[in-house]
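Structure record follows, encoded as structure tokens.
Predicted model only: the values in this text are computed from it and were never measured. Lettering follows sequence order; numbering is per chain, from 1.
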Amino acid sequence: MTHVLSAVAWPYANGPRHIGHVAGFGVPSDVFSRYMRMAGHDVLMVSGTDEHGTPILVAADKEGVSAKELADKNNTVIVTDLVDLGLSYDLFTRTTTGNHYAVVQELFRTVHANGYMVEQTALAAISPSTGRTLPDRYIEGTCPICQYPDARGDQCDNCGNQLDPTDLINPRSKINGETPSFVETQHFFLDLPALAGSLSAWLDEREASGTWRPNVIKFSQNILKEIRPRAMTRDIDWGIPVPGWEDQPSKRLYVWFDAVIGYLSASIEWARRTGDPERWRDWWNDPEALSYYFMGKDNIVFHSQIWPAELLAYDGRGDRGGEPGTYGVLNLPTEVVSSEFLTMGDQQFSSSRGHVLYVQDVLARYGPDPLRYFICAAGPETADAAFTWAEFVQRNNSELVAGWGNLVNRTATMIAKSFGEIPAAGALEPVDEAVLEAVRAGFDTVGDLLGRHRQRAAIAEAMRVVGEVNKYVTVTEPYKMKDESQRERLATVLHVAAQCVSDCNTLLAPFLPHAANKVHLVLGGEGEFMPMPRIEQVDELDPDNGAGLVSYPVITGDYSATPTWGTRPVTVGATVEKPTPVFTKLDPSVVEEELARVG
RNA sequence: GGGGCGGUAGCUCAGUCGGUCAGAGCAGAGGACUCAUAAUCCUUGGGUCGUGGGUUCGAGCCCCACCCGCCCUACCA
């Protein structure tokens, strides 16, 4: 047994999640975590909502509410989205807790004490009316190259050139139109060049492991070439106060010295809530522990460079040396598991243009497992992938319904009609032995693929095994055994079929946990087969040190009853009734309906 | 501009170290069967593996150039 940290990207609390988000970090991390638990590992899966930063502040201003109020609202929405998908977090919390503030500040102090946080003056665009930092993308003006009047501060959408906000002619704030002032401002910079050597060594070692996706490791190494110090503070009043700068409330920590630390702070919060506040160390201090970080590709730089740099700086493992703080030497990521992007049709999702599919809407209409299935089977694992309703319906109908669902249904129906319970098997014939062996072999092949984050191949392999069992039922023809003399053979075949369905259900459980629970009941099982997450309203642990939370909803769960990865004998005598279908066939007309809905 | 990824059967995609690698699923065609949500099972796939060169006894798989598409380019998270 190994301690395995599943560190899942923190969704930004600026609105509900669309299916591209959960395809990138949500479903893959859950499938992996569920499998690793089944394989006997001690998994800690953590995440939360990322609630600081300019975009939330701007959106809150626009809605006439405080940033905290907006964050509260969106936190609740996102928590609901994720729990409804069945994502089995041990703790899904948020960045506005007192615990998180304290952990972030501890990291800052130690990184600073170790010499990796240096003060520098930077030229920043400030909104004169609010005093807040105006990020480059919130500044518009005329492009100095092509004269396009609505160029953004970071890039001109017309000619594609990269710009600096100070280059713009007649710059203006995208938020309120005022002219930004470019002022000298003091900030703390993370001295990434002093950590580059250690980062490079770590990446080389990781590359040698051969486990990272090629594009992720190559991209990570490439961006190391142009590494330079990065500001870790901002002129903004919505964020975590900067230790040492308590007298400057308009300076706060940058979101990326905030959100990524959530992996650690959430682990600590989880431990505190279990009553064993030091328990998180099993995942962070033990060099044998493994950690997997799940995200979309736009986050690679933060997880393969900034976060490990922060950890190395905290540990005192950069060029300037240093000593770890109270948390001890912290583990760097074992693997950065980055997905590509899910597109809708041939375009990227865009909430602002209405080209979007929200998780809650898809779940309300089709339930969680058809969406989980699509993401696992056709998601953006190593390349951008397109979501289309036609493919969604086709995969649901021909693979989930006609393939797996039908196998469950035909098996259970025959057992119900002939015996009403799972019959005991007589002597096994070669055909019986063969199918049982084919299914058992699936635990090795599917498990190996899952351990290597090859979920598309893994679920395809599981479905191939399902096909073997459908073939078995067709070839043995139990539905023709109506004579009393064939009674024992019928019992044997149906017993074997039930055993195979049970094992296939286990194989598919990491992908389709909701369906797994239904199939478990169909075969006469009791209770919950795959444990499910729940929302729990918890009290703020450190009311004096956060953003003013009193209580908040978290996702958590007890996954200790997770079934083990492998075959388990079906219970002879368990009652089997004629089942209601596990999956719902979709009429092809939903394709038209959904396309009309999007417009 | 720089960097990365991809272009394989109508559609979606597999192809790890170059030598049964020209494949799978879906769609289509034919057949079998009826337990099952008309589901299942069997048979059926000659596509210049983006284009043009090159290396090699031999290349989707290596090298070069080019065409097309997508992504990243770091103070939006």
Side-chain angles (χ1 to χ4, degrees), chain A residues 9-14 50-56 58 122 124-125 133-138 152-155 160-162 165 187 189 192 210 213-216 218-223 225-228 230-235 254-256 258-259 296-302 305-306 340-341 343 346-348 377-378 380 382-386 388 390-391 394-395 397-403 405-418 454 456-457 460 463-464 467 469-481 494 497 578-586:
Chain A
W10 289 50
Y12 197 58
N14 60 347
D50 173 13
E51 304 180 5
H52 296 128
T54 306
I56 283 176
V58 170
T133 299
L134 271 176
D136 291 355
R137 294 192 181 189
Y138 283 86
R152 293 185 317 194
D154 58 334
Q155 187 175 40
N161 283 292
Q162 263 190 274
H187 281 300
F189 282 68
L192 287 163
R213 290 174 181 163
N215 58 329
V216 178
K218 286 172 90 170
F219 179 79
S220 303
Q221 289 172 322
N222 193 266
I223 56 181
K225 293 175 191 160
E226 293 178 36
I227 199 165
R228 56 175 189 250
R230 279 180 73 125
M232 289 290 135
T233 51
R234 287 289 183 280
D235 292 289
Y254 175 43
V255 178
W256 283 105
D258 162 356
K297 62 179 165 187
D298 52 337
N299 269 336
I300 292 175
V301 66
F302 301 104
Q305 180 171 108
I306 296 181
E340 304 285 305
F341 286 156
T343 59
D346 52 6
Q347 296 174 54
Q348 278 203 42
T382 57
D384 289 355
T388 64
E391 185 176 355
Q394 181 261 307
R395 284 188 179 273
N397 288 356
S398 69
E399 296 174 27
L400 273 186
V401 175
N406 182 52
L407 174 62
V408 174
N409 217 31
R410 67 196 302 210
T411 302
T413 301
M414 284 187 282
I415 292 174
K417 280 185 184 172
S418 303
R454 298 195 52 183
R456 287 171 62 129
M463 293 302 284
R464 186 192 64 73
V469 184
N470 258 324
K471 193 179 304 182
Y472 169 80
V473 174
T474 299
V475 168
T476 53
E477 301 180 316
Y479 40 83
K480 286 185 178 172
M481 301 174 188
L494 291 183
K578 178 158 172 60
T580 54
V582 174
F583 300 103
T584 305
K585 186 167 180 170
L586 299 174

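- Within 4.0 Å of Gln305(A), counting heavy atoms only, lies at least one base atom of the nucleic acid.
- Residue Val401(A) is classed as a base contact, given a heavy-atom separation below 4.0 Å to a base.
- Residue Phe341(A) is classed as a sugar-phosphate contact, given heavy-atom separations below 4.0 Å to backbone atoms only.
- Partners of His187(A) under the ring pair (Phe, Tyr, Trp, His ring centres under 6.0 Å) rule, at least two apart in sequence or in another chain, do not exist in this structure.
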Using Watson-Crick and G-U wobble pairs with both distances under 3.5 Å, what is the 5'-to-3' dot-bracket string of RNA chain B, with [ ] for crossing pairs and | for pairs outside the strand?
(((((((..((((.........)))).(((((.......))))).....(((((.......))))))))))))....
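- Of all heavy-atom pairs between Ala378(A) and Glu391(A), the closest is CB-OE2, 3.5 Å.
- For the pair Met481(A) CE and U34(B) P, the interatomic distance rounds to 13 Å; values are reported in whole Å.
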Between the protein and nucleotides 13-16 of chain B, which nitrogen or oxygen pairs come in under 3.5 angstrom?
unit_1	atom_1	unit_2	atom_2	d
G15(B)	OP1	Arg454(A)	NH2	3.1

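- Going from the C1' atom of U34(B) to that of C70(B) covers 48 Å, rounded to whole Å.
- Atom CE in Met232(A) sits about 11 Å away from atom P in C75(B), given to the nearest Å.
- The side chain of Lys417(A) lies closest to A36(B) when the candidates are C26(B), A36(B), C75(B).
- Heavy atoms of Asn409(A) sit under 4.0 angstrom from at least one base atom.
- Protein atom CD of Glu340(A) is 10 Å distant from nucleotide atom P of C72(B), rounded to whole Å.
- Distance check on atom P: A39(B) versus U73(B) gives 46 Å, rounded to whole Å.
- Comparing the C1' positions of U8(B) and U43(B) gives an interatomic distance of 25 Å, to the nearest angstrom.
- With P as the reference atom, A29(B) and C13(B) are 24 Å apart, rounded to whole Å.
- For the P atoms, the distance from G23(B) to G19(B) is 15 Å, rounded to whole Å.
- When heavy atoms are screened at a 4.0 angstrom cut-off, Val58(A) is found touching no nucleic acid atom at all.
- For Lys218(A), there are no side chain to side chain donor-acceptor pair (under 3.5 Å) partners, not counting sequence neighbours.
- Counting to the nearest Å, the P atom of C71(B) and the CG atom of Asn222(A) are 19 Å from each other.
- Between Phe219(A) and Gln221(A) there is no side-chain heavy-atom pair separated by less than 4.5 Å.
- Heavy atoms only, all atoms of each residue included: Ala386(A) and Thr343(A) are closest at CA-OG1, 3.3 Å.
- Rounded to an integer number of Å, the gap from CG of Asn397(A) to C1' of U12(B) is 16 Å.
- Map Arg410(A) and Val301(A) each onto its nearest nucleotide of RNA chain B; the residue landing nearer the 5' end is Arg410(A).
- With hydrogens and angles left out, the side chain of Asn406(A) and the base of A36(B) share a donor-acceptor pair within 3.5 Å.
- Residue Trp10(A) is classed as having no contact, given no heavy-atom separation below 4.0 Å to the nucleic acid.
- Straight-line distance from the CD atom of Glu399(A) to the P atom of G25(B): 11 Å, rounded to whole Å.
- Between the side chain of Arg230(A) and the base of C75(B), no donor-acceptor pair of N or O atoms lies under 3.5 Å.
- OP1 or OP2 of C5(B) sits under 4.0 Å from a side-chain N or O of Lys218(A).
- Considering only heavy atoms from C-beta on, Arg410(A) comes within 4.5 Å of Thr474(A) through its side chain.
- U12(B) sits 15 Å from G50(B) when the P atoms are compared, rounded to a whole Å.
- Comparing the same atom, P, in C21(B) and in C61(B) gives a spacing of 16 Å after rounding to whole Å.
- Lys297(A) comes within 4.0 angstrom of the backbone, heavy atoms only, and of no base.
- Applying the side chain to side chain donor-acceptor pair (under 3.5 Å) criterion to Thr54(A), with sequence neighbours excluded, gives no partner residue.
- Using modelled atom types, one side-chain atom of Asn397(A) and one backbone atom of Leu586(A) make a donor-acceptor pair closer than 3.5 Å.
- Side-chain nitrogen and oxygen atoms of Lys585(A) include at least one within less than 4.0 Å of the OP1 or OP2 phosphate oxygen of A39(B).
- Note on Asn14(A): nothing from the nucleic acid sits closer than 4.0 angstrom, heavy atoms only.
- In this structure G54(B) sits in the anti conformation; its chi angle is more than 90° from 0.
- With sequence neighbours excluded, no residue forms a side chain to side chain donor-acceptor pair (under 3.5 Å) with Asn409(A).
- Under a 3.5 Å cut-off, the side chain of Tyr12(A) and the backbone N or O of His52(A) do form a donor-acceptor pair.
- Closest to the side chain of Ser398(A), from the set A36(B), U34(B), C26(B), is C26(B).
- Backbone-only engagement by Pro55(A) is indicated by non-hydrogen atom pairs under 4.0 Å involving sugar-phosphate atoms exclusively.
- Heavy-atom distances to RNA chain B give each of Gly467(A) and Val255(A) a nearest nucleotide, and the one nearer the 5′ end belongs to Gly467(A).
- As rounded to whole Å, 13 Å separates atom P of G3(B) from atom CZ of Phe219(A).
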Walk me through it: do Phe583(A) and Val408(A) pass the test side-chain contact (heavy atoms from CB on, under 4.5 Å)?
CA-CA 10 Å; Phe583(A) 300 103; Val408(A) 174; over 6 Å; no
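- Using atom P as the reference point in both G54(B) and C49(B), the two lie 16 Å apart (nearest Å).
- You'll find the side chain of Met232(A) reaches within 4.5 Å of the side chain of Ile306(A), heavy atoms only.
- At the heavy-atom level, Ile223(A) lies under 4.0 Å from base atoms of the strands shown.
- Between the Asn406(A) side chain and the Val401(A) main chain, no donor and acceptor come within less than 3.5 Å of each other.
- One finds a side-chain N or O of Lys471(A) lying less than 4.0 angstrom from the OP1 or OP2 phosphate oxygen of C42(B).
- In this structure, the NZ atom of Lys480(A) is 7 Å from the P atom of C33(B), given to the nearest Å.
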